[in-house]
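Computation of the quantities below employed the complete heavy-atom set of this structure, encompassing side-chain atoms and omitting hydrogens, waters and symmetry-equivalent molecules. Order of appearance sets the numbers: ligands from 1, and atoms from 1 within every ligand.
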Amino acid sequence: MDRRSFLQLGGITLAQAGLSWLPSTVEAGASALAPGALPQGSADYTLRIAPVTVELDRSHILSTIGYNGAAPGPVLRMREGKTVSVDVVNDTDTPELVHWHGMLIPPEVDGTAEEGSPLIPPHGQRRVQLTPSPAGSRWYHSHAMAMDDLHKGAYTGQFGFVFVDGGNDPGHYDQELFLAIRDWEPFFTGTMDDEDDDTHVGPFLEKPATLNTDPGGLEVGSMTYSINDKALGAGDPIRVREGQRLLIHFLNSSAIENRRIALAGHKMKVIALDGNVVPAPQMLDSIFIGAGERVDVVIEMNHPGIWILGSTEKPIRESGLGVVVEYAGQHRQKQWVDPPKAPWDYTIFGNANSNSPAPQQTIEMIFEKIPGGAGKFNLWMINGKPYPHEKEFMLQQGTRYRLIMRNRTDDAHPMHLHRHLWELAELNGKKTSGVIKDTVVVPYFGRAVVDFTADQPGLALFHCHIQQHMDYGFKALFRYTGSAIPNPTE
Ligand SMILES: [Cu+2]
């Protein structure tokens with residue numbers, strides 16, 4: 001059975017099972033809107049940005065902004081290399097941007113104001129054409145700035161999966177699930193609980209000799225959570241049978257926090273990071289997933305029961321971050337079991353020896369936090385400056401770069417470079433190769449080293465994927481030597 005017919009069969013089975021937590025899937029050519037909602041000659045896909053209500057459970061019905069009447073938006077399935085058009089309709093009062101995270105596409109369609117992508121005006125629309133690449137789990141989300149408005153940008157329900165089909169999936173699984181981890185109802189807080197920042201492996205290579213002990217600014221916290229649009233216990237469980245294999249695409253769509261996730265009673269085999277197959281898949285008790293990252297796992301359903309898949313932090317899980325996994329014929333209470341604690345270490349998924357070309361040039365970055373440096377909030381600096389940098393990071397077409405990220409702050413930051421792929425070279429001094437990513441969590445007081453080839457001309461934004469950090473300085477532009485400065489009013 002080829003993958004397409006397999007998926008269609010799977011879709012029918014799931015639909016019959018009535019699994020409402022599964023986001024709807026839109027194939028090219030199928031508009032998610034009612035016929036006649038758009039002018040003739042509509043695009044392959046339509047995304048309509050508009051207010052939505054999300055019922056996490058009976059007592060949490062939220063009002064936010066979403067895509068096509070839901071949050072998350074539909075899973076968009078695209079074929080690698082096959083150009084598609086997307087109509088983005090903005091039914092809100094604020095300018096918006098749809099960013100295609102993890103795709104190798106030009107800045108005009110990347111959906112990032114800093115790169116010169118045009119804004120979609122309030123009550124306006126824009127058609128973008130893009131050629132999806134590379135294959136794997138990608139996603140789309142608002143790239144609008146939010147600053148001190150927690151009802152804008154990535155704090156809203158504007159997010160969804162894009163799955164780019166490379167045409168070579170052997171389909172060794174019985175169910176394919178897209179699960180987006182999410183927090184809601186953000187608020188400002190003076191006390192951040194950083195229990196999830198357990199990324200630490202090895203020495204604190206970047207811990208400053210003297211720490212700035214000024215009182216910190218307000219950060220963003222949240223109090224309700226979900227997987228896709230349902231809190232733990234609400235909506236339908238994931239229904240499985242003993243002997244099945246589940247392929248789960250996880251996405252951390254949070255604007256706020258990194259998370260650790262486990263399925264009680266089971267191990268997960270990590271097969272891809274940020275949608276890219278890893279050289280050395282690993283069987284783990286839990287996964288760590290930074291804001292913006294994706295992790296693909298395969299799970300053997302070999303332990304019948306009623307289990308919780310969710311956050312390893314009890315208060316977060318009990319505030320909604322989880323979903324019940326129910327074996328057929330089981331009628332007991334849902335069960336959680338704490339997985340053993342283990343540091344998250346990207347290097348275990350890599351090769352010892354690299355086949356990749358050696359980097360020709362090195363770019364050094366130092367990340368620092370000025371507590372309360374942005375008034376009520378913290379200010380974030382790269383090489384001593386918040387965005388914008390007078391002297392941007394210059395790239396030469398075809399050159400392979402080594403980027404050294406030195407995190408001299410006490411938070412783990414999920415750093416993302418648009419329109420390029422990184423190969424992880426080193427994490428806290430531990431070498432690796434072959435792990436291809438677009439977002440890397442740089443551990444607190446730690447160091448991550450990535451290599452990449454400058455092969456995507458035009459501006460490329462680099463930033464922390466925590467919205468507040470990005471909004472208050474934690475971003476930078478890479479510019480290609482000789483590339484024209486685009487006119488954002490085009
Ligand atoms: Cu950050």
Side-chain angles (χ1 to χ4, degrees), residues 99 101 112 114 141-148 150 152-155 159 181 183 186 188-200 204 206-208 211-212 216-222 251-260 274 288-293 344 346 365-374 376-389 393 403-418 422 427-428 437-448 450 461-477:
H99 167 55
H101 184 125
T112 307
E114 293 85 345
H141 62 85
S142 169
H143 219 286
M145 286 173 80
M147 305 307 287
D148 61 355
L150 298 180
K152 285 182 80 173
Y155 298 121
F159 63 96
I181 296 156
D183 29 30
F188 293 114
T189 172
T191 51
M192 266 314 262
D193 156 24
D194 277 338
E195 260 187 79
D196 65 303
D197 278 357
D198 58 354
T199 50
H200 186 75
F204 291 108
E206 300 294 337
K207 190 171 184 176
L211 295 176
N212 185 333
L218 297 175
E219 292 247 358
V220 180
S222 110
L251 157 67
N252 185 348
S253 60
S254 169
I256 302 171
E257 281 282 7
N258 307 321
R259 291 281 168 227
R260 188 174 281 272
D274 291 349
F288 181 85
I289 179 163
E293 288 188 306
W344 178 247
Y346 293 124
M365 285 188 178
I366 294 170
F367 305 153
E368 286 167 299
K369 168 166 96 174
I370 308 290
K376 283 188 296 234
F377 309 117
N378 300 317
L379 185 70
W380 303 89
M381 303 196 303
I382 298 174
N383 292 354
K385 287 222 145 184
Y387 181 86
H389 297 80
F393 294 89
L403 173 59
I404 302 176
M405 294 181 273
R406 302 177 184 276
N407 181 4
R408 300 201 174 147
T409 81
D410 54 1
D411 298 302
H413 298 284
M415 302 307 302
H416 170 45
L417 177 61
H418 285 219
W422 283 335
L427 187 76
N428 278 344
K437 293 183 64 38
D438 52 56
T439 307
V440 166
V441 178
V442 187
Y444 64 97
F445 297 139
R447 185 189 303 161
V450 295
L461 188 66
F462 169 86
H463 65 92
C464 176
H465 223 282
I466 293 171
Q467 174 96 39
Q468 196 193 29
H469 299 181
M470 174 175 76
D471 287 346
Y472 291 96
F474 211 159
K475 56 183 171 179
L477 272 174

Legend entry - Heteroatom test (N, O or S) for His465 near the Cu ion (ligand 1), limit 2.8 Å: no
Inset, instruction - Kindly assign one of parallel, tilted or perpendicular to the pair His141 and His101, based on the angle between their ring planes and the thresholds 30° and 60°. - result: tilted
Inset, instruction - Classify the angle between the aromatic ring planes of Phe188 and Phe377 as parallel (below 30°), tilted (30 to 60°) or perpendicular (above 60°). - result: tilted
Inset, instruction - Decide whether His469 and His463 meet the rule of one side-chain donor and one side-chain acceptor closer than 3.5 Å. - result: no
Legend entry - Any donor-acceptor N or O pair under 3.5 Å, side chains His465, Thr439: no
Legend entry - Atom name of the N, O or S atom in His413 that lies nearest to the Cu ion (ligand 1): ND1
Inset, instruction - Give the atom name of whichever N/O/S atom in His469 sits closest to the Cu ion (ligand 1). - result: ND1
